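Some notes on the structure that comes next.
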Amino acid sequence: MKLEHNPWPTELAQHYRDKGYWRDEPLTRGLDWQRRHRPDAIGLICGNRQFRYADIDGLSSNLAARLSANGLGHGDTALVQLPNVAEFYLVFLALLKIGVAPVNALFSHRKLELSGYAQQLQPRLLIAARRHELFASEDFIAELTGISPHLSQVLLLDETAPERSLAHWLETPPLGAVPIYFPTPADQVAFFQLSGGSTGVPKLIPRTHNDYDYSVRASADICGLGPHTRFLCALPAPHNFVLSSPGALGVFHAGGCVVMAPSPEPQTCFQIIERRGVTMAALVPPAVMLWLQVAERTPGAPLRSLEVLQVGGACFAESLARRVPATLGCTLQQVFGMAEGLVNYTRLDDDPERVFTTQGRPISPDDEIRIVDDQRREVADGETGMLATRGPYTFRGYYRSPEHNARVFDAQGFYYSGDLVQRTPEGYLRVVGRVKDQINRGGEKIAAEEIESLLLRHPAVTHAALVAMDDALMGEKSCAFLVTNTTDLRPATLRRHLLDLGVAAYKVPDRFRFIDAMPLTAVGKIDKRRLRNELALRSAPAANPSE
Ligand code: OOB
């Protein structure tokens, strides 16, 4: 069975093959090469555990074979939620080997997000962790089975019962020889990436073997990855940045080593960097700020091995960018990417001024970029416009979302990312704002509409608008403006309301403000610009009695 996705038009697909971008090989190709040529090289480190390429391949093959023996294969989907542990990659690779397409939820996701993904994908397999509050008992697993009646296989990290223990399934080969075959054609869906979203329901992004593999290979090349690379994965492992830009898959392609960290917190990361000789790391801007603060307090810090720091996911202030090379003693690389596809990098040999002042240029000569005004007419270099793009690894449509796709794609298949950018004459992009209704909370994306509709489910809330407010550390935080039919609604009640609905904690508004009526635009829509301006005018939190 094929999983639906909007394919590239035949002529473009042919062009991408002719250019050698699409090789019609599986996304596990890199691992397979390392297994055959460098089986004893260490490819993955997690705490005190080290995995050689032979181990990574062997463990993932055990799991793949056992799942395959249980009837899972091409056309099936899986819901996976794991923290930053080695098992994340072992599971991902196992599923790719047998053509089961997973969605890798963030560990911070809760009931609402996981139920939403299960609803859309109807997975047959669930892989999760007992240490997550939702999977400490059986209740939510039963709920998921209600949502996805074909869910027949559950495997858990930290589980003692062998029939459900992920560790057991990874370590124990199946009885008898079960062939692991790769039945998924490379132009089909390999897995689903998560969209930051701007709509009510989180959308899924089908990524094919061909398109993702190209982005990984080309990224590894641009970032100079090789067997010497030791890459610190401190951001959530499913995120496109640390998975493929060039991320862990880039490292496996190049034969380097992925070193896991539980979080980007500097004290922990600095120790891991020193102990493991990490050469490269990828961070979001708030984490860089913390790293800079700690490194400035402790000069001669343990970052000697660090050669490259990638920063992306949200706007990185030029003033901070300028501090990175001197304070952390490494090369800065800015990365502007999206789970939907397009990724831009400053190049490692770029002039430092360009690295400090732009977010890079696209991976591929065949990434087509248009920067357009409201009428979708192209603007001149240096002018601000909306970013539209298509190319060999930019998706052609969200999963089963024809109406939303009609809004964010044009007739030529260009995807409108919702970012406001400028292009330099050399083709480098600068991100200057956005038109999508989203809050970028230090790299974590919050779709305003999703939270507004949850707030409106509270009986006392009659109007709700979520907007971004500036924050010194996070870049942006979220503020909910509310009109209510009572005078005694408290922020704590609304926070509880949202958490009870099962939304991830990072999406709960940082501030609530109660107003008498929503300001409206000329066409009668909520005037969010006015709400944002109001916040900017009264930015001092102490002067805010409604909090
Ligand atoms: C990355 O991916 P997503 O899907 O979480 O978020 C994409 C959005 C972009 O459309 C843009 O609004 C924002 O995040 N963004 C940036 C940025 N990088 C991403 N805004 C300003 N400056 C940057 N450098 O965030 C992502 C995916 C792959 C690599 C890196 C980041």
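Both counts, for ligands and for their atoms, begin at 1 and track the order of listing. As the structure is a prediction and not an experimental result, all values here were calculated from the model. Numbering starts at 1 and runs along the sequence shown.
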Neighbour list for ligand 1 [protein residues, heavy atom under 4.0 Å]: His239, Asn240, Phe241, Ser245, Gly312, Gly313, Ala314, Cys315, Val335, Phe336, Gly337, Met338, Ala339, Gln359, Asp419, Val431, Lys436, Asn440, Lys445
Note, Leu420 side chain near Leu387 side chain (heavy atom, < 4.5 Å): no
Sub-4.5 Å side-chain heavy-atom contact between Val324 and Cys330: yes
Near-ring test Tyr89/Phe252, centroid separation under 6.0 angstrom: yes
Stepwise ring pair (Phe, Tyr, Trp, His ring centres under 6.0 Å) test for His132 and Phe107: CA-CA 8 Å; His132 192 285; Phe107 203 63; 4.9 Å; yes
Output field: ring centroids Tyr212/Phe191 closer than 6.0 Å: yes
Parallel, tilted or perpendicular: ring planes of Phe395 versus Tyr398, cut at 30 and 60 degrees: perpendicular
